[in-house]
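Only this structure's heavy atoms are used, side chains among them; waters, hydrogens and symmetry mates stay out. Predicted model, so just to flag it, every value in this text is computed and none were measured.
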Amino acid sequence: KNQVEQSPQSLIILEGKNCTLQCNYTVSPFSNLRWYKQDTGRGPVSLTIMTFSENTKSNGRYTATLDADTKQSSLHITASQLSDSASYICVVSFTTSGTYKYIFGTGTRLKVLA
Amino acid sequence: DGGITQSPKYLFRKEGQNVTLSCEQNLNHDAMYWYRQDPGQGLRLIYYSQIVNDFQKGDIAEGYSVSREKKESFPLTVTSAQKNPTAFYLCASSIRPGTPLIEQYFGPGTRLTVT
């Protein structure tokens with residue numbers, strides 16, 4: 001069964017600290033992996049997207065890594081800010097019958113405290 | 001929210017009533033999608049449309065209906081047959097469906113509460 005699991009479910013850190021969020025997937029055939037940021041009550045916004053051949057991608061203070069062999073990805077946030085408080089969603093895309101489908105993780109809820 | 005609007009932001013309905021959620025995009029995207037988000041669960045696909053006048057059921061289409069009469073509009077109707085309609089509904093759009101690196105742009109969402 002195609003699944004995407006994220007950990008931890010929630011995380012609280014102090015402003016200025018770094019943190020790492022995890023995403024494990026059992027999706028096949030793998031196409032790409034995306035990380036989204038979703039503010040409370042808003043729609044998700046894309047942070048990064050990685051294909052099979054990429055193992056790291058950065059977007060400002062956000063750095064995503066991908067290990068396609070172990071089917072794991074992580075999102076590292078450097079020097080956290082209060083505005084980083086949000087849910088972070090890992091999404092894995094796969095192909096089926098010639099079309100691309102998306103499996104969404106349940107997200108990690110991050111709270112950054114002053 | 002990238003040129004996708006959803007209205008209203010909050011919607012309250014009595015059980016047994018049908019309700020239609022609006023989704024409009026000005027990004028000239030071909031594909032549009034409806035997702036449902038529940039606490040503790042990942043987004044689940046309700047319906048998607050790759051072209052005007054065509055749409056396909058997603059993973060949880062029962063109790064929902066859609067139409068795609070215009071490229072920029074993809075309204076979702078939550079019918080009385082949907083057993084647990086209370087949820088956060090997200091509309092998304094993308095260009096050229098079926099290519100691997102296309103990005104989905106999401107609207108701000110509509111929170112539907114049925115009592």
Side-chain angles (χ1 to χ4, degrees), chain A residues 1-10 23-54 57 59 66 68 86-109, chain B residues 1-11 21 23 25 27 30-51 54 56-60 87-113:
Chain A
K1 182 181 177 182
N2 290 319
Q3 284 187 316
V4 175
E5 295 182 350
Q6 293 186 243
S7 62
Q9 283 190 336
S10 61
C23 174
N24 296 338
Y25 62 93
T26 55
V27 176
S28 181
F30 175 88
S31 175
N32 58 69
L33 185 146
R34 308 151 190 256
W35 282 94
Y36 283 89
K37 177 186 179 186
Q38 184 178 22
D39 293 316
T40 300
R42 306 297 298 270
V45 175
S46 179
L47 293 175
T48 64
I49 178 171
M50 288 181 293
T51 62
F52 183 88
S53 59
E54 297 175 295
K57 184 74 72 77
N59 178 0
L66 173 64
S87 288
Y88 292 83
I89 301 172
C90 175
V91 185
V92 180
S93 176
F94 68 101
T95 55
T96 177
S97 303
T99 62
Y100 290 88
K101 299 289 180 69
Y102 307 97
I103 303 293
F104 290 78
T106 56
T108 291
R109 187 180 297 273
Chain B
D1 298 315
I4 300 178
T5 58
Q6 291 184 242
S7 60
K9 187 167 181 61
Y10 299 97
L11 191 53
L21 282 59
C23 178
Q25 54 99 358
L27 302 169
D30 292 309
M32 297 186 74
Y33 312 78
W34 273 106
Y35 291 93
R36 170 182 172 138
Q37 187 174 35
D38 295 283
Q41 296 193 43
L43 272 68
R44 292 181 291 167
L45 182 64
I46 304 172
Y47 268 98
Y48 66 100
S49 168
Q50 299 185 357
I51 194 170
D54 184 59
Q56 307 293 329
K57 291 182 179 179
D59 301 317
I60 56 165
F88 189 52
Y89 290 87
L90 285 161
C91 178
S93 71
S94 69
I95 61 171
R96 292 169 48 195
T99 52
L101 294 180
I102 60 170
E103 180 175 345
Q104 289 186 322
Y105 293 84
F106 286 85
T110 291
R111 185 166 299 281
L112 172 64
T113 302

The test is side-chain contact (heavy atoms from CB on, under 4.5 Å); show your working for B:Y48 and A:K101 and say whether it passes. CA-CA 11 Å; B:Y48 66 100; A:K101 299 289 180 69; 4.0 Å; yes
What pair of heavy atoms forms the shortest contact from B:L90 to A:G43, and how long is it? CD2-CA, 3.6 Å
Do other residues, nucleotides or ligands put more than 12 heavy atoms under 6.0 Å from the CD atom of A:E5? no
Honestly, the part of A:T51 sitting under 4.5 Å from a heavy atom of chain B is side chain
If you apply the rule side-chain contact (heavy atoms from CB on, under 4.5 Å), what do you find for B:L43 with A:V91, and how did you get there? CA-CA 9 Å; B:L43 272 68; A:V91 185; over 6 Å; no
Could you measure the distance from the OG atom of A:S46 to the CZ atom of B:F106? Nearest 0.5 Å is fine. 9.5 Å
Engaged part of A:Q38 at the chain B interface, taking heavy atoms whose separation is under 4.5 Å: side chain
Evaluate whether atom CZ of B:R44 has more than 12 neighbouring non-hydrogen atoms of other residues, nucleotides or ligands under 6.0 angstrom away. yes
Minimum-distance pair of heavy atoms, taken over all atoms of B:K9 and A:G41: NZ-O, 3.0 Å
d(B:L45 CG, A:I103 CD1) to nearest 0.5 Å is 9.5 Å
Heavy-atom distance under 4.5 Å to chain A: side chain of B:Q37, backbone, both or neither? side chain
Quick check on B:E103 against chain A: is it the side chain, the backbone, both or neither that has a heavy atom closer than 4.5 Å? both
Can you give me the closest heavy-atom contact between B:Q104 and A:Y36, atom names plus distance? O-OH, 3.5 Å
Checking B:Q25 now: which residues fulfil side chain to side chain donor-acceptor pair (under 3.5 Å) with it, not counting sequence neighbours? none
